[in-house]
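Worth saying up front: this structure is predicted, and the values here are computed from it rather than measured. We count ligands from 1, going down the list as the structure has it; atoms in each ligand are counted the same way. Just the heavy atoms: all of them, side chains too, but no hydrogens, waters or symmetry mates, feed the values below.
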Amino acid sequence: MEFWEAGFVKGFMRMANDGWEQGWHERNGGNLSYRVKSEEVDEVRKYLEPREWQPIGTSVPGLAGEYFLVTGSGKFFRNVITCPAESICMIELDDKGENYRIVWGMKDGGRPTSELPSHLMNHEVKKNKTDGRYRVIYHAHTTNVIALTFVLPLEDQVFTRELWEMATECPVVFPEGIGVVPWMVPGGREIAVETSRLMEKYDLAIWAHHGMFAAGEDFDLTFGLMHTAEKSAEILVKVLSMQQTKAQTIQPDQFRELAKDFKVTLPEKFLYEK
Ligand code: 13P
Ligand code: ZN
């Protein structure tokens with residue numbers, strides 16, 4: 001068996017390729033990380049060769065000692081499925097959650113994604129909030145969501161409500177809503193702090209004029225969440241392209257009915273009168 005034949009690596013590669021096929025990963029756009037289970041680390045332990053410790057650029061004590069599979073900085077999602085050893089890596093965090101070292105991958109050199117601080121800070125929040133259930137953080141350059149950040153007010157309430165209205169499944173798939181980070185310089189601790197704050201409340205965070213972050217339990221749920229929100233954004237872009245105002249839409253009371261039948265809680269702050 002090769003490293004990339006382990007089930008969790010195959011799942012990671014398939015998800016990266018699915019995102020590529022959706023058109024969300026031009027060039028090196030986007031990044032993906034998975035918090036590896038201890039039994040999965042054991043499965044591939046014989047392939048691991050630890051390199052030098054490097055600073056993460058932030059502190060994630062809640063993830064001390066954990067292993068992650070991550071895409072490489074500057075690497076293309078398009079190549080993950082054909083050249084995993086060059087495009088992705090497995091990293092281990094130290095006992096303080098301040099440094100990482102590559103233990104597999106980046107065969108031709110390089111480092112984990114420049115968004116590692118955002119990925120790890122989001123993982124730390126989600127691990128805490130879900131008793132360790134959430135394991136995937138995904139950043140994609142979702143075309144239609146990005147387009148909407150040029151025309152809608154950059155407010156959680158507005159993006160949540162507008163995306164909920166565009167597809168009946170949306171309030172069921174992301175009942176907590178979506179957060180919005182205003183435009184910020186990517187790749188550092190500052191944007192990571194803002195994003196992880198939103199991840200306390202939501203599973204989705206939009207980066208204005210840039211893309212989206214999704215968090216979830218596994219590859220299917222996290223990809224599905226990104227896909228659902230982006231599809232809804234695509235419908236809204238089409239609607240707004242046809243006319244400025246909707247002739248009809250789903251009303252607040254109809255969302256309340258839906259919430260009852262589907263047994264989800266929809267925060268009232270998103271069900272405002274327009
Ligand atoms: P990386 O190639 O460093 O992952 O960066 C891509 C990206 O989308 C930055 O936000
Ligand atoms: Zn990006």
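- The other residues sharing a hydrophobic cluster with Tyr100 are Ile56, Val60, Leu63, Phe68, Val70, Ile91, Leu93, Ile102, Met106, Leu116, Leu120, Met121, Val193, where clustering joins ILVMFWY side chains under 4.5 Å apart.
- For the pair Lys127 and Glu124, the salt-bridge criterion is not met [side-chain N within less than 4.0 Å of a carboxylate O].
- Ionic pairing of Glu155 and Arg161 is not present here: no N-O contact between side-chain nitrogen and carboxylate oxygen is shorter than 4.0 angstrom.
- Excluding waters, the set of protein N/O/S atoms under 2.8 Å from the Zn ion (ligand 2) reads His139 NE2, His141 NE2, His210 NE2.
- Using a 4.0 Å heavy-atom criterion, the residues that approach ligand 1 are Asn28, Gly29, Gly30, Asn31, Ser73, Gly74, Thr113, Ser114, Glu115, His139, His141, His210.
- Classification of Asp203 and Lys126 as a salt-bridged pair holds, one side-chain N sitting under 4.0 Å from a carboxylate O.
- Ion pairing of Glu40 with Arg135 is absent here, as no side-chain N (NZ or NE/NH1/NH2) approaches a carboxylate O to less than 4.0 Å.
- For CD of Glu190, the number of neighbouring non-hydrogen atoms (other residues, nucleotides, ligands) closer than 6.0 Å is 12 at most.
- A salt bridge between Lys37 and Glu43 is absent, with no side-chain N of the basic residue lying under 4.0 Å from a carboxylate O of the acidic one.
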**Report entry** Trp104/Tyr67 under ring pair (Phe, Tyr, Trp, His ring centres under 6.0 Å): CA gap, chis, key distance, verdict
**Finding:** CA-CA 11 Å; Trp104 182 88; Tyr67 288 78; over 10 Å; no
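- For Asn79, the side chain to side chain contact (heavy atoms under 4.5 Å, CB included) partners at least two apart in sequence or on another chain are Phe76, Thr82, Ser87.
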